[in-house]
Amino acid sequence: MTHLWVRSESRDHEQRVGVTPEGVAALMKAGLRVTVEESATRALSIDGYAATGCAIAPEGSWTSAPKDAIVFGLKELPEDGTPLPHRHIMFGHAYKGQPSGRVLLDRFKAGGGALYDLEYLVGEDGRRVAAFGYWAGYAGAAVSLLSWIAQQQGVTAEPVGVYPSSQAMQDDLRDRLKPVGETRPTALIIGALGRVGSGATDLCASMEIPVTKWDMAETAHGGPFPEVLSHSIFLNCILARPGTPVFVPETAKTAPRELSVIGDIACDPDSDFSPIEVYDRVTTWDAPALRVHDAPVLDVTAIDNLPSMLPAESSDDFAAQLLPSLLALKDLENGVWGRAKATFDAHL
């Protein structure tokens, strides 16, 4: 019997989960065995999972799960260097030249386990079957706006936190905008037609921010892109990959510009293919904006778990997208799981 072990998340500020109690009930009805770890931080209560009749395990006990269990989480594992003997479903961030990714793959190699990377879980058409992208874009645009608001008051952005809903996030932003009156920034979104860009666009629209929407057609010429510098906020919503052009070169720091906030929502600064060359590290919930130039001011926001700011809505959305694939876990050799395993083998 296929055994799915839903682990708790160990990362700070991570309250999301990839399967809901309703999803667990559907998996069990389909003949899967499910274990769910307790969690002190998960947005969805353990009581809902327990009510399905699934097994409940202590927080962090996945390391001693049966070797045939498939361990399912979202964000990275504790970086303790131990070999990984299990099969893991998660966001590995291991295939684009990241130094930490190579370490993770070496742990799988040492333990004999395998990574089924959620970012590379794709259908026959090559499109991802499930993504948090919309909510990353939504929250990422909010953080960038918070950074712009702080700049108008002569400071950098203060720590960010969890919102109970997207409506609560909008209400907070409107309150914070009151000191600047009717003034609004302009925004340019690259990748505006994708999931991430759609979320960013919707947040901007709710705040009445004028948006220039770009996608593949507008960036096909490969650059340079002086239009980026003529907007107050630039939101990068495309994943870095070979051939991605540079949208913000190092020279942008000192160039004449309206640009004062870069929201790198794709957030891959240590990738070999990063299109934003003015910064080299992610930002955090405690320090969401990195100042890369003082006169004129230029801040970068690059939080790599943005949907966690809206954990309930983003979890429900992602889990609904992923459930059909989880229901196919009995056939790991084919379909989306077979393709994900082939990708892992190629990079191992």
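- With a 4.5 Å cut-off on side-chain heavy atoms, Val36 and Val24 count as touching.
- A salt bridge is absent between Arg174 and Glu208; no separation between the charged side-chain nitrogens and carboxylate oxygens falls under 4.0 Å.
- Expressed to the nearest 0.5 Å, how far CG of Leu104 lies from NE2 of His347 amounts to 12.5 Å.
- Residues Tyr138 and Trp135 bring their aromatic ring centres within 6.0 Å.
- In this structure, His86 has its ring center at least 6.0 angstrom away from the ring center of Trp5.
- Here the CG-CZ distance, from Asp316 to Arg16, works out to 13.0 Å after rounding to the nearest 0.5 Å.
- Remark: the backbone N or O of Ala157 is not paired with any side-chain donor or acceptor of Ser147 at under 3.5 angstrom.
- The cationic group of Arg291 does not satisfy the cation-pi geometry with Tyr279, failing either the under 6.0 Å distance to the six-membered ring centre or the 45° limit from the ring axis.
- The one candidate from His13, Glu14, Gln15, Glu9 that meets the side chain to side chain contact (heavy atoms under 4.5 Å, CB included) condition with Arg11 is Glu14.
- Under the 3.5 Å distance criterion, with hydrogens and angles disregarded, no donor-acceptor pair is assigned to the side chains of Thr301 and Thr283.
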* Pair Arg87-Tyr116, side chain to side chain contact (heavy atoms under 4.5 Å, CB included): steps then yes or no -> CA-CA 7 Å; Arg87 294 166 293 178; Tyr116 294 83; 4.0 Å; yes

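- In summary, the aromatic rings of Phe108 and Phe344 are positioned with their centroids under 6.0 Å apart.
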